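Structure first, commentary second.
Here the structure is a predicted model, which is why all the values come from computation and not from measurement. Residue numbers start from 1 in every chain, and the chains themselves are labelled A, B, ... in the order their sequence lines are given, proteins ahead of strands.
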Number of protein chains: 2
Amino acid sequence: MTNVVETHASEAPVRRGRGRPRNPETDTRITEAAAELMLERGFDKMTVDDVAARAGVGKATVYRRWPSKEDLAVAAMQEIYSAEIPDPDTGAIRSDLVESFRNVLGFVNSPAGQAYLRMSIAESVRDPRIAALYRASTERAEDQACRMYERAIARGEVRDDIDLLATVQWLGGLLAARAITNRPMPTVDDVEMLVDFTLNGIHAPSPPR
Amino acid sequence: MTNVVETHASEAPVRRGRGRPRNPETDTRITEAAAELMLERGFDKMTVDDVAARAGVGKATVYRRWPSKEDLAVAAMQEIYSAEIPDPDTGAIRSDLVESFRNVLGFVNSPAGQAYLRMSIAESVRDPRIAALYRASTERAEDQACRMYERAIARGEVRDDIDLLATVQWLGGLLAARAITNRPMPTVDDVEMLVDFTLNGIHAPSPPR
DNA sequence: AAACTAACGATACGGGCAGTTCCGATACGA
DNA sequence: TCGTATCGGAACTGCCCGTATCGTTAGTTT
């Protein structure tokens with residue numbers, strides 16, 4: 001019939017002449033409203049009518065851009081997963097770890113961090129596309145951590161036969177486990193102990209073996 | 001009006017004479033059907049009509065026992081979280097760890113284990129009561145693990161200043177992180193390396209420090 | 001044995017929300 | 001200025017949760 005238009009509002013509009021052009025600001029108003037409601041209530045209790053109302057647009061305007069509520073949620077999460085992560089490089093593995101653990105624990109103990117973590121977990125299990133987004137976001141952080149460990153291996157501080165991926169994921173996994181089962185997060189006061197476990201494991205230092 | 005009857009089907013019926021008594025087998029038929037559908041499709045795509053149909057009962061019979069679909073889901077998960085866990089005690093921390101890690105990894109790599117894990121994570125974030133059930137289930141396993149570590153501490157194999165809770169949760173957390181982000185689980189082949197990380201951490205053995 | 005009563009399966013119905021379709025109005029390009 | 005696609009608004013369909021109401025059934029009480 002008419003010109004076929006790509007649905008996803010993310011990419012360049014690639015001007016096509018005829019008719020009233022879409023207001024690009026409307027895109028961001030909708031995704032911002034959706035992101036707010038996702039973090040406030042979660043996917044289930046967020047209604048598309050609410051999103052449209054908060055964004056000040058008609059529901060049809062939402063569905064003209066994203067074919068389903070799930071796609072809208074993906075777009076909203078995509079906006080959320082775009083933050084910079086500090087990359088400590090102090091020259092020693094212990095202080096690098098303390099620094100980065102401190103950053104992570106500070107975030108996940110904030111209200112925003114709590115909502116972010118719970119939402120990411122729940123929606124990742126529900127929708128593989130959100131899982132991919134969350135995964136990409138965490139992998140950026142993990143890549144940084146891997147380089148941190150590799151620098152330490154090059155310095156001879158860390159064994160070279162470790163499972164690097166399991167190592168960089170273990171803290172995130174612990175936080176996920178706590179979030180899932182509704183248990184208190186470790187706080188910044190626990191940083192020393194967590195770092196010590198990473199470095200030394202649990203073995204008694206000398207006597208046995 | 002009439003005699004008040006406790007809703008939850010779990011507890012003792014405490015005979016009250018009049019009228020046709022409830023068929024207790026109906027309770028289990030419903031929870032079994034619900035548990036199957038939860039693992040097959042997840043909470044969202046499970047409909048109460050489907051549960052009633054698979055159980056061979058009327059929908060009103062379901063709602064006579066559980067006031068909402070959420071309560072039904074809780075009852076279904078409660079049935080799922082009632083499995084025995086082996087409790088290795090070989091006399092050495094390394095072989096205890098190898099044994100228990102092997103059990104866990106064997107389960108989470110099975111199709112049933114995958115569905116179980118993903119369902120538990122998703123529904124725990126959605127419903128705090130399911131989170132409590134899942135937490136209770138994992139805590140039983142963690143208590144066993146704690147006792148295992150305490151035996152090792154008593155033998156002098158393990159330091160006594162470790163964060164026991166973080167230690168017993170780290171493998172579960174790693175598995176959760178993999179499940180959430182849709183990445184491959186560690187397999188039984190990785191047991192040695194994971195156990196080694198638990199025992200020794202990542203530090204290089206002797207030269208530095 | 002007969003009467004009583006609550007559970008049973010079946011079915012219809014109300015309400016909330018996802019997603020669709022129409023509308024008149026509007027804004028931009030040709 | 002004309003054409004066209006987007007805009008907000010609103011009505012509508014369909015699905016599913018939860019309720020209400022049947023006639024029937026099974027066990028208790030008298």
>> If you apply the rule salt bridge (Lys or Arg N to Asp or Glu O under 4.0 Å), what do you find for A:E123 with A:R126, and how did you get there?
In response: CA-CA 5 Å; A:E123 302 313 321; A:R126 229 183 34 72; 2.7 Å; yes
>> Quick check on contacts: within residues 49-61 of chain A, what sits under 4.0 Å from DNA chain D by heavy-atom distance?
In response: A:G56, A:V57, A:G58, A:A60, A:T61
>> Under 3.5 Å, is there any donor-acceptor pair linking the side chain of A:R20 to the base of D:dT4?
In response: no
>> Of the listed nucleotides (C:dC28, D:dC17, C:dA18), which one gets closest to any side-chain atom of B:T47?
In response: D:dC17
> Is the distance from OP1 or OP2 of D:dT6 to the nearest side-chain N or O of A:R22 less than 4.0 Å?
Replying inline: yes
Can I get a per-line list of side-chain donor-acceptor pairs under 3.5 Å for residues 97-104 of chain A, giving both atom names and the distance, sequence neighbours left out?
| from | atom 1 | to | atom 2 | distance (Å) |
| --- | --- | --- | --- | --- |
| A:S100 | OG | A:D96 | O | 3.2 |
| A:S100 | OG | A:L97 | O | 3.3 |

> Quick one: salt bridge (charged side-chain N to carboxylate O under 4.0 Å, His left out) partners of B:D44, sequence neighbours excluded?
Replying inline: none
Using nucleotides 1-4 of chain C, report all nitrogen or oxygen pairs with the protein that are shorter than 3.5 Å.
none

> What bend angle does the helix from C:dA1-D:dT30 to C:dA30-D:dT1 show across its length, from five-pair end axes and to the nearest 10 degrees?
Replying inline: 10°
> Less than 3.5 Å between a donor and an acceptor, one on the side chain of A:R64 and one on the base of D:dT6, is that the case here?
Replying inline: no
> What pairs of residues pass the side-chain hydrogen bond (donor to acceptor under 3.5 Å, both in side chains) test when at least one of them lies in residues 187-196 of chain A, not counting sequence neighbours?
Replying inline: A:R94-A:E192, A:R94-A:D196, A:D196-A:N200, A:D196-B:R159
>> Strictly below 4.0 Å, N to O, side chains only: are A:D71 and A:R129 in salt-bridge contact?
In response: yes
